[in-house]
Amino acid sequence: MKKLLALAVLASLFTTTNAQQDKSKRPSPPATATATLTNGANVTINYGQPSVKGRTIGKEIATFGKVWRTGANEATTFETSKNVKVNGNKLAAGKYSIYTIPGEDEWTVILNKKAQQWGTQYDMAEDVFRFTVKPTKTEFTEQMNFNIDKEGIVKLMWGNTMISWQVE
């Protein structure tokens with residue numbers, strides 16, 4: 001009887017684990033933005049796509065003035081195959097997490113050394129660098145999206161807001 005119960009528990013755990021691993025079934029599904037830049041660097045951003053769902057960015061979601069995981073679920077990651085400059089800041093080839101501090105007039109973009117973590121586990125001591133960008137108004141986007149073009153312009157679009165920065 002004990003063996004049968006143990007097998008049932010193991011089967012339940014295995015089924016639950018497999019269901020959790022199918023990230024496409026999440027309310028904020030995973031997405032990827034990738035580009036090969038003109039300098040030959042391969043740049044990839046992996047992120048979870050939160051939806052606005054009638055909420056106000058800056059108030060109910062991505063609260064102005066507070067560190068935000070810039071996506072949903074696991075930390076959003078930025079990976080580059082070569083050394084690059086991000087908005088003028090030198091960045092070694094590797095994988096990093098992206099956090100932001102949204103604001104009405106300015107967003108702070110943070111690249112953090114710790115890439116493999118849950119999005120809410122931010123540690124400022126692990127920051128590589130920060131820079132600020134100005135948000136602009138754009139056409140409404142329900143699900144958050146990143147886009148990278150071959151010239152290295154990274155765009156984050158969500159709600160009626162877009163921020164962008166340069167990778168070279």
Side-chain angles (χ1 to χ4, degrees), residues 23 28-52 55-168:
K23 295 176 182 178
S28 299
T32 301
T34 189
T36 300
L37 308 186
T38 53
N39 66 6
N42 294 315
V43 175
T44 302
I45 297 175
N46 288 299
Y47 60 103
Q49 289 186 289
S51 295
V52 175
R55 299 172 291 181
T56 303
I57 294 173
K59 293 183 181 176
E60 292 111 342
I61 49 175
T63 306
F64 287 163
K66 294 189 177 184
V67 173
W68 175 52
R69 63 175 136 188
T70 317
N73 308 315
E74 294 86 1
T76 293
T77 59
F78 176 95
E79 187 169 9
T80 177
S81 64
K82 293 184 174 188
N83 295 346
V84 294
K85 284 187 177 180
V86 179
N87 256 37
N89 299 285
K90 292 181 181 181
L91 185 68
K95 193 172 191 175
Y96 305 88
S97 57
I98 300 175
Y99 289 87
T100 52
I101 302 172
E104 193 169 343
D105 300 318
E106 181 177 88
W107 284 47
T108 300
V109 178
I110 305 164
L111 286 181
N112 188 276
K113 294 176 199 171
K114 199 163 183 185
Q116 302 301 329
Q117 63 185 342
W118 194 250
T120 56
Q121 296 177 336
Y122 170 72
D123 180 359
M124 184 176 172
E126 297 291 325
D127 287 356
V128 178
F129 56 76
R130 295 173 173 215
F131 57 91
T132 58
V133 296
K134 298 287 183 197
T136 58
K137 295 288 182 194
T138 189
E139 180 178 312
F140 184 80
T141 304
E142 176 65 29
Q143 277 191 313
M144 189 188 84
N145 277 301
F146 275 97
N147 180 291
I148 311 167
D149 68 23
K150 67 181 180 177
E151 284 76 35
I153 304 295
V154 176
K155 294 179 183 175
L156 167 81
M157 296 155 288
W158 194 33
N160 291 106
T161 300
M162 180 180 73
I163 61 169
S164 63
W165 61 88
Q166 178 74 50
V167 179
E168 52 188 346

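Not measured: the values here are computed from a predicted model. Basis for what follows: all heavy atoms, side chains included, without hydrogens, waters or symmetry-related copies.
- Here the CG atom belonging to L111 is positioned 11.0 Å from the OG1 atom belonging to T100, to the nearest 0.5 angstrom.
- When all heavy atoms are compared, the tightest approach of D127 to K113 is O-CE, 4.3 Å.
- From E104, atom CD reaches atom CD1 of I57 across 12.5 Å, with rounding to the nearest 0.5 Å.
- Heavy-atom minimum distance, S97 versus K114: OG-O, 2.9 Å.
- Considering every non-hydrogen atom in both I163 and W107, the closest pair reads CD1-CE3, 3.6 Å.
- Nearest heavy-atom pair across T36 and K150 is O-CB, 3.6 Å.
- Counting all heavy atoms, side chain and backbone alike, A35 lies closest to D149 at CB-O, 4.0 Å.
- The two residues P102 and K66 make their nearest non-hydrogen contact at CD-O, 3.4 Å.
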For this session: Under the side chain to side chain contact (heavy atoms under 4.5 Å, CB included) rule, what do I101 and R130 come out as? Steps first, then yes or no, please.
Result: CA-CA 10 Å; I101 302 172; R130 295 173 173 215; 3.6 Å; yes
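- Here the CG atom belonging to N83 is positioned 10.0 Å from the CG atom belonging to N39, to the nearest 0.5 angstrom.
- The ring of W158 has its center closer than 6.0 angstrom to the ring center of W68.
- With contacts defined as side-chain heavy-atom distances shorter than 4.5 Å, the pair K155/T138 does not qualify.
- Contact of the V167 side chain with the L37 side chain is registered, since non-hydrogen atoms from C-beta on lie closer than 4.5 Å.
- We find the CD-OH distance between Q121 and Y99 to be 7.5 Å, quoted to the nearest 0.5 Å.
- A donor-acceptor contact shorter than 3.5 Å links the side chain of T76 to the backbone of T70.
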